[in-house]
Structure formats: structure tokens, C-alpha cells
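The basis for the numbers below is simple: all heavy atoms, side chains too, and nothing from hydrogens, waters or symmetry mates.
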Amino acid sequence: MRDSPLAVGCTATGLLYAGNPSTLGDPWDRPDALGYVLICVINLSLAARRLAPVPIFALTGVLWLWYIAAGFWPVINGIAPIVMLYTVAASRPRWWALACGVGFAVCMEAGAVFSDTDSMPNVAAQAVVLNCIVLKYGFTARQLAERNAALSGLAAQLFRQREENARRAVAEERVRIARELHDVVAHHMSVVSVQAGLADYVFATDPDTAHAALGTISATSGEALDELRRLLAVLRVGPEGAEQAGDFLYQPMPGLDRLEATVERVRAAGVHVDLEVVGERRPLPAGPDLCAYRVVQEALTNVIKHAGAARAAVRVEFRPHELELSVTDDGRSAGRRRGNDPANSPAPGGHGLLGMRERARIYGGKVVAGPRADGGFEVRLTLPLQ
């Protein structure tokens, strides 16, 4: 028990104090064997004071009264009841502490009665003052313990919340990185795949077309590598990573200013694309700008992958408080499609449309995608602009 040193110390002090004749005053007797046993039991019981404060206080009070009634000096065992009164006040409800305080005052008055002293008012005053002091410190300790427990619980809750926020942030970052990788790789690799097939098909019969296709492959793959380097540069941490990343760390993310280049790249892949910009074109914040660009890029990528030789149209409208853009296709293909199947219906397991909606939701926007009544497919993005 952690209170054992206190109990042993009080017992040793009581035994030494009781064995000193100079401290014994009339009319109190020198302790005999019973007195020494009572001294030991009263003080050693402090070792269990935290386990059962009220019963231990009652035990020390009864034994102290027995010690006083036997004619021994009360002061020798006065420390244990004071400590127990403090313990009750610090760990139990107030009414228990007040009741124990009354019992402590009764013990002090009993000592005055057995000594036949004529200073009963002084003893009563001492009992009241000592009770007030001990109970005050006990109540303060109890309030402090309750506040510490509340703070500990709050700290544990904040720690759990911080851990949960960290896990959520990691998950969101992983989703963001996966979305960026999907958009970059899917678009550029789709163009590269189409152009590589074209170059292989006309390599012997039309060298000029094959050469142009290889040029498109070179430019597209170079742009893809630049975007991948930029994404990897953001993932690097520490001064060494920043130094290795070089200028890629500070290059701006793509936006609608690259829309014309993207449209030209899709046209080179064999899809006729019309681009229309309505309203006063103005610079957008980096986040919404990237969101709008990626939605167009992914929609055109789906046209390349799933609509064959379809015609596509990209319309960007700048309104006073929002941006609306749409990507539509007519759904025609060279033997790869039948009927009015959606032109850019995602392949099984694809994440293109899901990524579009996630991007739009981050900035308070909305993506609507689905088949058109007259055939083909449409992707429409509405993005609020503050």
C-alpha cells in the first residue's frame, strides 16, 4: 500500500513520544502494554485509509477514545484521526465528512472530560477551528481531484479525437492522391494507347501520320511525367525531399488555362471536339480551377475509351456566381457500340464519375452525369464561385 510509509512513520513517532517521560503531563499516565498496542493499531490503520476512509476513521476514533479512557495522553494518537478526517473530506460526500468532523470533536471533548480540566470552552473552540481547517483542505483536495479527473478524461477524449482526425486525414489524402493519379494516368495513357495503335496501323502505308502520332505520344507522355513529378514532389517531406523535388514543388497545378491543349490532344486521338467558352473568362482559385479541369479531362478520357469515333462538345460558361461546364458526345462508334448505350459509361470497376463527384463536393459543386435522350452521354458540372 502506498500509505504504508505514512502509517509506519506515525507509529514510530507515537511510540517515541510516548516513551519520553518529559512529555507526559499530569494527570495522564505513562502507556503500558495496552497503551502501546493501541498506539500501534491506531497509527498502522492509516495504511488502509484510502481503501475504506469512513470505517478506518471510525476505528481510529473508537480506539482513540479507548486510549483516552484508559488514562493515556490523547495528543500521542491525535495525528491519526486528523489524517483520517482529511481523507474522508477529500474522498467522500460532504455529509460523511461533516459527520466524521462531529465525531472528531466528540473525541477531543472526551479528552477534556477525562482530564478533569476546567478549560472546556477552549477545547471546544480548538475542536471547531481544527475541524474547519481540516475539512476545508479536504474539500479543496476533493475538488482538485475531480477537476484533474475531468481534465484527464477530456485529454483522453482529445487524444482519441486527434488520432481519429489523423486517420481521417490520411484516408482523405490517400483518396485525393488516388484521384489525381487516376486522372493523370487514365487521360494521358488513353491518348498514348490510341496514338500508338494508330502509328502501328499506318507505319508502313502513311509515314507522315505515323510520325504525327509518335509526336503526340511524346508530348502527351512528357506532360504526364511532369504532372506525376509534381504530384510526387508534393508527397516528399523534409528538406532533402524538397531539394530533390526542385522546381516541381512550386509549379502551379493545371487549370482551365490548359483546356485548349487538352482538347487538341483529344482531337489528335481521333475524337472531334468542339470547345465553346461563354461569358467573361476570369481566373479562378486554384482548387476550383483544378476541379473544373479534371472533370473535363476525365469526361473526354471516357469519350476516348468508350465512345469510339464519337463527336464531343465542351461548353464552359462563366456566370456571375458560378461556373457551369458540360461535356457531351453523340455516342456514335465504329462497331464498338449498339443502340443508345451511354457513350462514356464507365468500365466495370472504374472510378472516373465517382472521382468527379468527389472533387465537386469538396468545393460545394455538383456533377450530373447520364445518357442523353437523343443518344450519347453528358457530364455537367456546376461549381459555385465566391
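Annotation: the span from L383 atom CG to D289 atom CG amounts to 10.0 Å, rounded to 0.5 Å. We find the CD-CG distance between Q126 and N131 to be 12.0 Å, quoted to the nearest 0.5 Å. Taking CG of L46 as the start and OG1 of T11 as the end, the distance is 7.0 Å to the nearest 0.5 Å. With values rounded to the nearest 0.5 angstrom, L44 atom CG is found 12.5 Å from T60 atom OG1. Distance SG/C291 to CZ/R361: 11.0 Å, rounded to 0.5 Å. Taken from CD1 in I56 to CG in L51, the straight-line distance is 8.0 Å, to the nearest 0.5 Å.
Y36 and Y17 fall within a single hydrophobic cluster, where Ile, Leu, Val, Met, Phe, Trp and Tyr are joined by side-chain heavy atoms under 4.5 Å apart, directly or via other members. No chain of hydrophobic side-chain contacts below 4.5 Å, direct or via other Ile, Leu, Val, Met, Phe, Trp or Tyr residues, connects V102 to V128. Under a hydrophobic clustering in which Ile, Leu, Val, Met, Phe, Trp and Tyr are joined whenever their side-chain heavy atoms come within less than 4.5 Å, directly or via other members, V263 and V303 fall into the same cluster. Note on I133 and Y86: same hydrophobic cluster, where clusters join Ile, Leu, Val, Met, Phe, Trp and Tyr whose side-chain heavy atoms are under 4.5 Å apart, directly or indirectly. Linking ILVMFWY residues whenever their side-chain heavy atoms come closer than 4.5 Å, directly or via other members, leaves L154 and L144 in distinct clusters.
Taking 4.5 Å as the limit, some side-chain heavy atom of L98 sits within range of a side-chain heavy atom of L135. Between W64 and M108, some side-chain heavy-atom pair lies under the 4.5 Å cut-off. Counting heavy atoms from C-beta on, the side chains of V278 and V316 never come closer than 4.5 Å. I76 is listed as a side-chain neighbour of I39, based on a closest heavy-atom distance under 4.5 Å. A 4.5 Å side-chain heavy-atom check between L323 and E317 finds every atom pair outside the cut-off. Taking the side chain as every heavy atom from C-beta outward, L275 and E260 approach each other to under 4.5 Å. E322 is listed as a side-chain neighbour of R319, based on a closest heavy-atom distance under 4.5 Å. Taking the side chain as every heavy atom from C-beta outward, I82 and L85 never approach each other to under 4.5 Å.
For the side chain to side chain donor-acceptor pair (under 3.5 Å) criterion with E164, the lone passing option out of R162, Q161, R167 is R167. For the pairing with Y293, the side chain to side chain contact (heavy atoms under 4.5 Å, CB included) check across R359, E298, R258 returns one residue only, R258.
Salt bridge D274/R315: absent, no basic N to carboxylate O contact under 4.0 Å. Under a 4.0 Å N-O distance rule, the pair E378/R372 does not qualify as a salt bridge.
Here the closest heavy-atom approach between residue E324 and residue T382 is recorded as OE1-OG1, 3.8 Å. In this structure, V273 and R267 approach most closely via the heavy-atom pair O-NH2, 2.6 Å. Taking both residues in full, the closest heavy atoms of V367 and M356 are given as CG2-O, 3.7 Å, listed atom of the first, atom of the second, then distance. Looking at every heavy atom in both residues, P384 comes nearest to Y363 through CG-O, 3.6 Å. A pairwise comparison of heavy atoms in I79 and C10 identifies CG2-SG, 4.0 Å as the closest pair. The two residues P31 and A18 come nearest to each other via the heavy atoms CG-CB, 3.7 Å.
Within a 6.0 Å sphere centred on CD of E280, heavy atoms belonging to other residues, nucleotides or ligands number 12 at most. Counting heavy atoms of neighbouring residues, nucleotides and ligands inside a 6.0 Å radius, atom CZ of R282 exceeds 12 of them.
With sequence neighbours excluded, the residues forming a ring-ring contact (aromatic ring centres under 6.0 Å, His included) with Y67 are F72, listed by chain and number.
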Exercise for the section: Any chance you could lay out the side chain to side chain contact (heavy atoms under 4.5 Å, CB included) test for V327 and L300, step after step, and finish with the verdict? Expected result: CA-CA 7 Å; V327 179; L300 291 177; 3.9 Å; yes
Exercise for the section: Report the C-alpha separation of T262 and R265 in whole Å, then their side-chain angles, then the decisive distance to 0.1 Å, and conclude whether the side chain to side chain contact (heavy atoms under 4.5 Å, CB included) test is met. Expected result: CA-CA 5 Å; T262 301; R265 188 162 53 244; 3.5 Å; yes
Practice task
In sequence, state the C-alpha distance, the side-chain angles, and the governing distance for L259 and L256, and then conclude on side chain to side chain contact (heavy atoms under 4.5 Å, CB included).
Solution key: CA-CA 5 Å; L259 197 56; L256 291 180; 4.3 Å; yes
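T87 and R49 are linked by a side-chain donor-acceptor pair at a separation below 3.5 angstrom, with hydrogens and angles left out of the test. In summary, the side chains of R294 and Q297 do present a donor paired with an acceptor at a separation below 3.5 Å, with no hydrogens or angles considered.
Looking only at distances, a side-chain donor or acceptor of D330 sits under 3.5 Å from a matching main-chain atom of R311.
Applying the side chain to side chain donor-acceptor pair (under 3.5 Å) test to every pair with at least one member in residues 136-146, sequence neighbours left out, gives these pairs: R142-E146.
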